Structures are given as structure tokens and as C-alpha cells.
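See below for the structure under consideration.
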Amino acid sequence: MASSTALISETEAWKELKGHVEDIKKTHLRDLMNDANRCQKMMVEFDGLLLDYSRQCATVETMVKLLNLAKAAKLTEKISSMYNGEHINSTENRSVLHVALRAPKDAVIKADGENVVPEVWSVLDKIKEFSEKIRSGSWVGATGKPLKDVVAVGIGGSFLGPLFVHTALQTDPQAAEFAKGRQLRFLANIDPVDVARNVKGLNPETTLVVVVSKTFTTAETMLNARTLREWITTALGAPAVAKHMVAVSTNLALVEKFGIDPNNAFAFWDWVGGRYSVCSAVGVLPLSLQYGFDVVEKFLKGASSIDQHFQSTPLEKNIPVLLGLLSVWNVSFLGYPARAILPYSQALEKFAPHIQQVSMESNGKGVSIDGLPLPFETGEIDFGEPGTNGQHSFYQLIHQGRVIPCDFIGTVKSQQPVYLKGEVVSNHDELMSNFFAQPDALAYGKTPEQLQKENVSENLIPHKTFSGNRPSLSLLLPELSAYNVGQLLAIYEHRVAVQGFVWGINSFDQWGVELGKVLATQVRKQLHSSRTQGTALEGFNFSTTTLMKRYLETSSEPQM
Ligand code: F6P
């Protein structure tokens, strides 16, 4: 693959950008925004989407320099390596081919010399058939009743992406129509409270449990799966598992060992990273059960449209590339460590949590892909809430406290339009008034001179001053159909990859999640032996020993 041992920070292009920071510090967005010519160059349209990045603290010259950085990082070659199925996830020796999950049936995408698209479509066809059986009631539960409710058990990438898409589609009129009378719930946390909340009001007789785990070894998911298996078998007897439990995994041997019929298992592959798996059976199965396969296919088509754009559009007009480069600029050069994801759409309320994993698990790394310690930080702290809720929560800090580059995401059309007679604007116009106003408030700010002219009392002027010059970008979607949700997902997935390619890290492994898991195993063993044999705590530091002692001595957990 196109990797190199030199750190990107040693290249001329990087140093050029470092020097350029001083030029940018002399500018203010208030002035930059007055240059319509510049602003026009900072807008891109593709397939109904409009990206406006004119409110970034960047000039046309900055963009040229960022494109030079992309060249120095061999970005085009790295994108090709991904699409060509090279093992760019080198620490796990795997290809990275989530793009194959939404490729058209006649596409050819190879992993290890094999075209994977037919395999992808054979699983999609199986999901289509199975979900139609469940939805039509031709597949029934152990007592002969149709299965109208689904609990998807999974965590991390086996949860957040499907939850985001489900939440986004819930109020889409077409999707909602197809979901009538059905429920889809997600059980992720090992906290028994999550189990209690998710089975509340459900009847095992009419519930299908989908166990979703790439590895089928994740401690939380497996215990939750056993807990729901118990819930089903207690009510309906052991043979009911065959009718009420199915699985999604790359590890079909473990699925069988768990007691789920391999015919009721839906495969995916090790070239799909967990956090990039929503377009595999991980998301497609639960979502098809809820909304029908046709709706989910539209979602896949939206993602595929962006995949093609990302693969073939010149860098300067390529939306994920531009977004990725601007994020690198904000993090590595302007020194802004966070990014706010602010959809002006309640349907996108689970978008930021999903992108938190996609981005932070991918790019929160300390060494280059070749294992060299990095002299610069990678990744950013992603957080967000839908507008306008965020405005009444953390926007104070964004306007007058720390500088946080913001992504404003809005839609032209509402999924659920409301207009009340006599109101000045429709409810969606009211929402979007904020979408248009906030980026300018951040960019322009308000000067003491303006406040003086408004006769604001002297003592309040410092408090009411807004420095402005706070970067944001605006992404306007025509609406929030399944297709647009797919587009949005793919844009962010590829943006994160672009950042990682430029920083020269491996965005597709996640070794950082391992240590905590290992230590939890040691704690689990100790809890077991202390509870069953009264074994004294051993091998923990003073702090952990004290905490565990308190827990064991005062807890009311049932003794085994
Ligand atoms: O949190 C670590 C992680 O490995 C994620 O990368 C992954 O999405 C999640 O656990 C769940 O893993 P699995 O799908 O194998 O249960």
C-alpha cells in the first residue's frame, strides 16, 4: 500500500501550513466573509447536497496549501488502496472495504483477489427474504404469533450506527408507514437497567432478538444475549430459541455454539470494521425488519453515491476530502481540539454519538501507521446535540468561551412539516432560522463599538462582546430521506478516513480499547472468587482495593 515511513509533519507541505497560520491569524471571518469571490469558491454541490465551508478560518491560499498536504500524504493513492482492497489496516492485516457493502450488484470490488460484491448481495438477498417473512407473518414465534417487535443486542459499532439510522428514519413518512405496528429497540449496555428498560412492555411470544456482534465474544453483548435467551426460554421453553433468536456476526462458529441455528445467522466479513458496519447485516437486518428492505436499500444507495463521488472526484471538489482536510487544518494547525456536530434536525439526534465512535475510535491514535510516535495530536473530541437544544445548553461556551469548529447540518424540507395559521413562519422555518443565524453569529461576533452604539451600559460591554472569528461549516441536505441519511453517513466515514490518511495513522484498528477489557477480566475473576469463596482481594492497588472492598461489603448483589 501507499505508506511511507516519513512523518507528514516533516514534509514541506506541513511546514508551509505551519507558517501560514500566522497569515490566517491576521484575518477575521468578518472580513473574509465580505469577499463573495472567496465564498463562492468555498461551496461545493453534489447530488442535491450543498456544502458551504466559507466560514472556515481559511483563504483560497489555505486550500491550495491543504491540497499540497494531501499530495504529500499521497491521499489519492491511499484512497485507491482502500478501494482496491489492499490491507491498509496493517496492524490487523485486513482490507477496509465498507464501500463494498453498498456497491451496486454489478460492481467489482476485490479483497485478496476475490470479488466480494456477490457475497455481499447474497447476504442482502437473504436479509430481504427473511425480513419479508417476519414482516408478513409467514415466520411466526413458538406459540404461532407473528413477531412484531425486535430487540437488537449489540454495542459500539454493532449498535451506534443502526441506532442513528433507525432514529433518523423513524419520522420519515415513507419509512414510518412501513414500520406501523412494529418496534425496534436496542440493548447495548451491560447495565441490567438497560435490559429492564428494553424488555419493558414486550412479550417474548411476539419478540425477535437479533444478537449483533462482529466477534461474538464481546463481554457485554454475550451476557445481554444470554439474559434475553433466558427471558425467552423461561417464557416459551428452550426450543423457542430457534424461532426467536437470530444473529449477525463474522464468527458463525460461535453463533452456532451459542445455540442459534447457523441458517438464522447473517454473515459479514473481517474487512468491515465494527464502526463502519452499519451498511452490513449489522444495520441492514434490524432496519429491514423495522422498515422493510426497500427503504434500507435506498439508504445503501445514498451511501454508494458518496462512495463513487469520493473515489472519483478531484480532491478540490471532493466533499469528504475537503471536510477531512479542513479538520486537519483546525486540529493540527489552528490547534482546536474539538468539533461540534450540530444537526438542525431532531431525527439526527443520534448522529453525533455515532460519529463519536467513527471518528474518535478511528483517529485517536498516538503513533503513525509505521509505529513511530507522533509529534502532533490526532483525532478530535467530537460531541453534539441537535439544534436548537444545543443552543440552550453549550452554545454559550462556543460563542464566548473556547473556539470549537462547528458542523451545522440542515435540511430544506422537514420530515414532518407543521404550519400554524397566524404564525410568522412554519415550524421548520423557525428551526432553520437558527441554522442560518448561528454560523454568522459565530463568524462575525459583536464588537464593543457596536454595543456602544446600542447604548449598552459600559460595565456590560465586556460581557456582551462576542469576539467572532469562530469557524463553522454548513451542510444543507434537500431532505432527510433514507437516501440522504446514507449520504450523510458516508460523507463522515470518508472524512474520518481522509484525516487518518493525511496524519499517516491507521484509522481502522482500535488497540486502545483492549487494556480496559483485560483489567475488567481480572476484576470479574476476583468478584467471583470473593463472592463464592470469600477470597481476599489481591493484586489491586490501594485505591481499587478500597473501592472494591466497599462494593463487596455493602452490595446487595445476589450471592452465587
Ligand atoms: O469497543 C471496541 C469494539 O471492538 C468496537 O470497535 C466494536 O464496534 C465493539 O467493540 C463491538 O464489537 P463486536 O461487534 O465484536 O461485539
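All figures in this text were calculated on a predicted structure; none of them were measured in a lab. Ligands are counted one by one from 1 in listed order, and the atoms in each one are counted from 1 as well.
Every heavy atom of Glu220 sits 4.0 Å or more from the atoms of ligand 1.
Residues Tyr291 and Phe178 keep their aromatic ring centres 6.0 Å or farther apart.
Remark: ligand 1 and Gln510 share no N or O pair separated by less than 3.5 Å (distance only, no angle test). Of the N or O atoms in Thr215, one or more lie within a sub-3.5 Å distance of an N or O in ligand 1. Distances between N or O atoms of Arg275 and those of ligand 1 include no value under 3.5 Å.
Every atom of ligand 1 with a heavy atom of Ile155 under 4.0 Å away is listed here by number and element: 9 (C), 11 (C). Proximity to Glu361 (heavy-atom distance under 4.0 Å) selects the following atoms of ligand 1: 1 (O), 2 (C), 5 (C), 6 (O).
Considering CZ of Arg275 and NZ of Lys214, their distance stands at 8.5 Å, rounded to 0.5 Å.
Nearest protein neighbour of atom 12 (O) of ligand 1, counting heavy atoms only, is Thr218 OG1, 3.4 Å. In terms of protein heavy-atom proximity, atom 8 (O) of ligand 1 is closest to Gly157 N, 2.7 Å. In terms of protein heavy atoms, atom 10 (O) of ligand 1 is closest to Lys517 NZ, 4.4 Å.
The cationic group of Arg229 lies under 6.0 Å from the six-membered ring centre of Phe258 and within 45° of the ring axis, placing it in a cation-pi geometry.
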(request) Under the side chain to side chain donor-acceptor pair (under 3.5 Å) rule, what do Tyr492 and His354 come out as? Steps first, then yes or no, please. (result) CA-CA 10 Å; Tyr492 274 73; His354 176 49; over 6 Å; no
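Lys301 NZ: 12 or fewer foreign heavy atoms inside a 6.0 Å radius.
When all heavy atoms of Val282 and Val248 are compared, the pair lying nearest together is N-CG1, 3.5 Å.
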